[in-house]
Protein chains: 2
Amino acid sequence: MPIDDAAPARSRNAAATRAAILASARSAFARAGYDGAGVREIAAGAGVTAMLVNRYFGSKEQLFAEVVAATMADPVILTDDFVRAPTGEAIARRLVGLSGADQTPLDGFLVMFHSASSRRAAEISREQIEAIHQRAMASALGGDLAAERAAVILAIVAGVQVMRQMIALPTLANADPEALVAILAPVFQALIDGVR
Amino acid sequence: MPIDDAAPARSRNAAATRAAILASARSAFARAGYDGAGVREIAAGAGVTAMLVNRYFGSKEQLFAEVVAATMADPVILTDDFVRAPTGEAIARRLVGLSGADQTPLDGFLVMFHSASSRRAAEISREQIEAIHQRAMASALGGDLAAERAAVILAIVAGVQVMRQMIALPTLANADPEALVAILAPVFQALIDGVR
DNA sequence: TGCCTATGTATACGAATGTAGACTTTATCG
DNA sequence: CGATAAAGTCTACATTCGTATACATAGGCA
């Protein structure tokens, strides 16, 4: 008997409902991707009907766009601390720590990659990455080929996330965090310091 | 007017037909992912009917497994040359060169990532990566944390591929290959050399 | 030459998807 | 308190998907 799915009776409140749908969608997209997550499933997770989702967001595609935008909005890697004094270890710790137990903050990457099959989803993701993460990081880095180095850093973060969360490659997923940090920190540091 | 789709009249030949389906499936999965690529579409690309696909491979899932297995089978990165004398520049050049113009050899990664929404697809991919790539590379590397370092190398390759091919991040996709090599080579070299 | 089997096709079905349109319920305010 | 618009639901529909069943056709071997 299927009791109510995470729907703690929210007395008619548009803003709260909207937020609940957004949260449910985010976790659903992170787990199953754009195609894999159904509107009915997302709605159930928010304790509403499928049609309400479309009523609030117009369509599944627009909902996804908003999820990606909201998810990519928070800096995650590019924290204020990092901008002040960028170090490889900071990125490494953040990446390893976050992508391990507490995966929520970085599931923006999961949303992206799980959904990149959809052409439109990939487009939305690209715009967000470029606008928010890469440019900010590039200007925080400075030096020769700053944009390219920033992009490579993002690519590495992405790759580690993909391998740990999506593919669940055991060596990475179960690795000793400190060992991973020891491996990754110098890599990021080299990219921060610049070429040669 | 839709003329024949890449079906140059193959007179009843089981082996050839099977290969044609496999090739069509590979490119379809690389482009659209497991969920995105339909059996009918794959069949059309091979000039056959949808049912023949299932006749040869049992089901879409088994077809995908075979595609992934076949695609991951060729070394791509872990060439004989590399095993003999692993250098960061070798990986970098291979990654940059391959993932640029001639993308066929590395589309195994695309197949994987575009398809990782599907739990089963991710499982298949993981097994292939682990069995073929990671173990071989780890033993080629040697030293402390060889498995982890190998996994990180694979993750970086994956990340760059993802950002260039899937997300099509302009900075990476349109970057000067030599500049990318200059950035990536030391990164890989450090991972090859080992920690500290 | 004639048949038998491998090779391939046509039709169809059941399930799941996104979403459109009409309907119902609740909160709010004069 | 009662009307009104917002908030939410129900039913239904057109597609698309994977694939099961039944049928057609060609090729190799006697």
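Worth knowing before you read on, the calculation uses all heavy atoms, side chains too, and leaves out hydrogens, waters and symmetry mates. All chains are named by letter (A, B, ...) in the order of the sequence lines, taking the proteins before the strands, and each is independently numbered beginning at 1.
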Interatomic distance where [atom1] belongs to [X] and [atom2] belongs to [N] [whole Å]:
{"X": "A:Ile42", "N": "C:dT19", "atom1": "CD1", "atom2": "C1'", "result": "14 Å"}
{"X": "B:Lys60", "N": "D:dA20", "atom1": "NZ", "atom2": "C1'", "result": "17 Å"}
{"X": "B:Phe64", "N": "D:dT19", "atom1": "CZ", "atom2": "C1'", "result": "19 Å"}
{"X": "A:Phe57", "N": "D:dG8", "atom1": "CZ", "atom2": "C1'", "result": "15 Å"}
{"X": "A:Glu61", "N": "C:dT17", "atom1": "CD", "atom2": "P", "result": "18 Å"}
{"X": "B:Asp35", "N": "D:dT16", "atom1": "CG", "atom2": "P", "result": "17 Å"}
{"X": "A:Leu52", "N": "D:dA6", "atom1": "CG", "atom2": "P", "result": "14 Å"}
{"X": "A:Asn54", "N": "D:dA7", "atom1": "CG", "atom2": "C1'", "result": "15 Å"}

Tabulate protein N/O versus nucleotide N/O from nucleotides 23-26 of chain D, keeping only pairs under 3.5 Å, one per line.
from	atom 1	to	atom 2	distance (Å)
D:dT25	O2	B:Arg12	NH1	2.8
D:dT25	O2	B:Arg12	NH2	3.4

* Would one find a side-chain N or O of A:Thr17 under 4.0 angstrom from OP1 or OP2 of D:dG8? ->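 The answer is yes; a side-chain N or O of A:Thr17 sits under 4.0 Å from OP1 or OP2.
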
* Asked: If only side-chain N and O atoms of B:Tyr56 are considered, is one of them under 4.0 Å from the OP1 or OP2 phosphate oxygen of C:dT7?
  ->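 The answer is no; no side-chain N or O of B:Tyr56 sits under 4.0 Å from OP1 or OP2.
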
* To do: Indicate, with a heavy-atom threshold strictly under 4.0 Å, whether B:Ala43 touches base, sugar-phosphate, or nothing.
  =>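 The residue B:Ala43 makes no contact with any strand.
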
* Taking the side chain of A:Val39 as heavy atoms from C-beta outward, which of D:dA7, D:dG18, C:dG18 is closest to it? ->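 Selected nucleotide (nearest to the side chain): C:dG18.
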
* Among D:dT19, C:dG8, C:dT9, which nucleotide sits nearest the side chain of B:Thr49? ->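 Of D:dT19, C:dG8, C:dT9, C:dT9 is nearest to the side chain of B:Thr49.
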
* Asked: Starting at the 5' end of DNA chain C and moving along, which residue's nearest nucleotide shows up first, B:Met51 or B:Ala15?
  ->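 First, find each residue's nearest nucleotide; the 5'-ward one identifies B:Ala15.
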
* Asked: Are the side chain of A:Glu41 and the backbone of A:Gly38 linked by a donor-acceptor contact shorter than 3.5 Å?
  ->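 Flag set: sc A:Glu41 to bb A:Gly38 pair under 3.5 Å.
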
To check you understand the geometry: which heavy-atom pair defines the closest contact between [X] and [Y], and what is its length?
{"X": "B:Arg149", "Y": "B:Gly142", "result": "NH1-O, 2.8 Å"}
{"X": "A:Arg164", "Y": "A:Val96", "result": "NH1-O, 3.2 Å"}
{"X": "B:Arg126", "Y": "A:Pro170", "result": "CD-CD, 3.7 Å"}
{"X": "B:Ile42", "Y": "B:Ala28", "result": "CG1-CB, 3.8 Å"}

* Most 5' of A:Arg40 and A:Ala50 on DNA chain D, judged by nearest nucleotide ->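 The residue closer to the strand's 5' end, by nearest nucleotide, is A:Ala50.
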
* Salt bridge between A:Glu178 and A:Arg93, side-chain N to carboxylate O under 4.0 Å? ->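 A:Arg93 and A:Glu178: salt-bridged.
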
* To do: Could you check whether the rings of B:Phe29 and B:Phe64 sit parallel, tilted or perpendicular, using 30° and 60° as the cut-offs?
  =>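 It falls in the perpendicular class, over 60°.
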
